Amino acid sequence: QVQLVESGGGLVQAGGSLRLSCAASGSIFSISAMGWYRQAPGKQRELVAQITRGGLTNYADSVKGRFTISRDNAKNTVYLQMNSLKPEDTAVYYCRALGVRSISGIDNYWGQGTQVTVSS
């Protein structure tokens with residue numbers, strides 16, 4: 001069974017930084033893409049950033065220049081460095097793994113979410 005475990009969320013003042021981590025575990029052969037989504041109260045879940053196995057990235061316009069996504073393929077881990085945080089970045093952040101090849105086949109997975117709160 002594949003699991004995604006996130007860490008690194010918390011409370012930070014506006015202008016501060018946080019680093020999120022997400023580690024995928026299980027009998028994994030490879031992961032096509034990994035990403036971070038977020039969902040604020042009363043809003044739909046939205047893509048924040050995504051990175052392919054080869055390192056290609058894309059970001060939501062609202063976080064470009066402030067957030068950086070990276071991954072360690074050997075560790076099946078993805079990171080999100082968040083700088084210059086704003087109150088509007090407050091949300092539950094979810095890790096997403098796409099095209100996960102494991103002994104169970106190929107599937108997509110979500111993490112359980114980690115709360116990020118930015119105070120003004």
Side-chain angles (χ1 to χ4, degrees):
Q1 180 72 12
V2 174
Q3 289 187 321
L4 303 182
V5 178
E6 300 129 331
S7 61
L11 173 64
V12 64
Q13 288 189 332
S17 299
L18 283 174
R19 188 187 192 218
L20 305 182
S21 299
C22 171
S25 62
S27 300
I28 298 171
F29 301 129
S30 65
I31 302 175
S32 179
M34 301 187 78
W36 290 94
Y37 288 69
R38 67 186 180 187
Q39 188 167 18
K43 295 188 177 181
Q44 289 188 331
R45 191 172 299 189
E46 62 176 359
L47 174 68
V48 176
Q50 184 168 293
I51 184 168
T52 68
R53 183 171 180 80
L56 296 177
T57 60
N58 68 290
Y59 295 91
D61 287 342
S62 59
V63 307
K64 284 180 180 177
R66 299 188 298 122
F67 291 9
T68 302
I69 190 170
S70 61
R71 66 186 281 181
D72 184 332
N73 292 330
K75 296 181 179 180
N76 292 323
T77 299
V78 63
Y79 307 95
L80 185 68
Q81 178 66 44
M82 305 185 292
N83 298 328
S84 303
L85 282 160
K86 304 175 181 180
E88 50 264 44
D89 294 317
T90 295
V92 177
Y93 283 69
Y94 296 91
C95 178
R96 177 82 158 146
L98 299 169
V100 180
R101 292 183 64 243
S102 71
I103 58 173
S104 302
I106 301 176
D107 209 337
N108 304 320
Y109 296 89
W110 286 101
Q112 81 284 356
T114 185
Q115 177 70 45
V116 171
T117 302
V118 184
S119 63
S120 57

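If you're wondering where the values come from, they're calculated on a predicted model, not measured in any experiment.
Here the CD-SG distance, from Gln112 to Cys22, works out to 8.0 Å after rounding to the nearest 0.5 Å. We find the CD-CG distance between Gln115 and Leu11 to be 9.5 Å, quoted to the nearest 0.5 Å. Note that the OH atom of Tyr94 and the CG atom of Leu47 stand 15.0 Å from one another [nearest 0.5 Å]. Remark: Asn108 CG to Ser32 OG distance equals 9.0 Å, nearest 0.5 Å.
Across all their heavy atoms, Ala14 and Ser120 have their closest contact at CB-CA, 4.4 Å. Of all heavy-atom pairs between Ala91 and Arg38, the closest is CB-CB, 3.8 Å. In plain terms, the two heavy atoms of Gln81 and Ser17 that are nearest each other are NE2-CB, 4.0 Å. Annotation for Lys43 and Gln39: closest pair O-NE2, 3.2 Å, computed over non-hydrogen atoms. In terms of heavy atoms, Glu6 sits closest to Cys95 at OE2-N, 2.6 Å. Contact between Ala33 and Gln50 at its shortest, heavy atoms only, is CB-NE2, 4.1 Å.
In this structure the side chain of Thr68 never reaches within 4.5 angstrom of the side chain of Tyr79, judged on heavy atoms. The shortest side-chain heavy-atom distance between Ser119 and Gln13 falls under the 4.5 Å cut-off.
For Arg101 (side chain) and Phe29 (main-chain N/O), no donor-acceptor pair under 3.5 Å exists by modelled atom type.
The pair Asp89-Lys86 does not count as a salt bridge, with every side-chain nitrogen at least 4.0 angstrom from each carboxylate oxygen.
Alongside Val2, the hydrophobic cluster contains Leu4, Val12, Leu18, Leu20, Ile28, Ile31, Met34, Trp36, Val48, Ile51, Tyr59, Val63, Phe67, Ile69, Val78, Leu80, Met82, Leu85, Tyr93, Val100, Tyr109, Val116, Val118 (criterion: ILVMFWY side chains under 4.5 Å).
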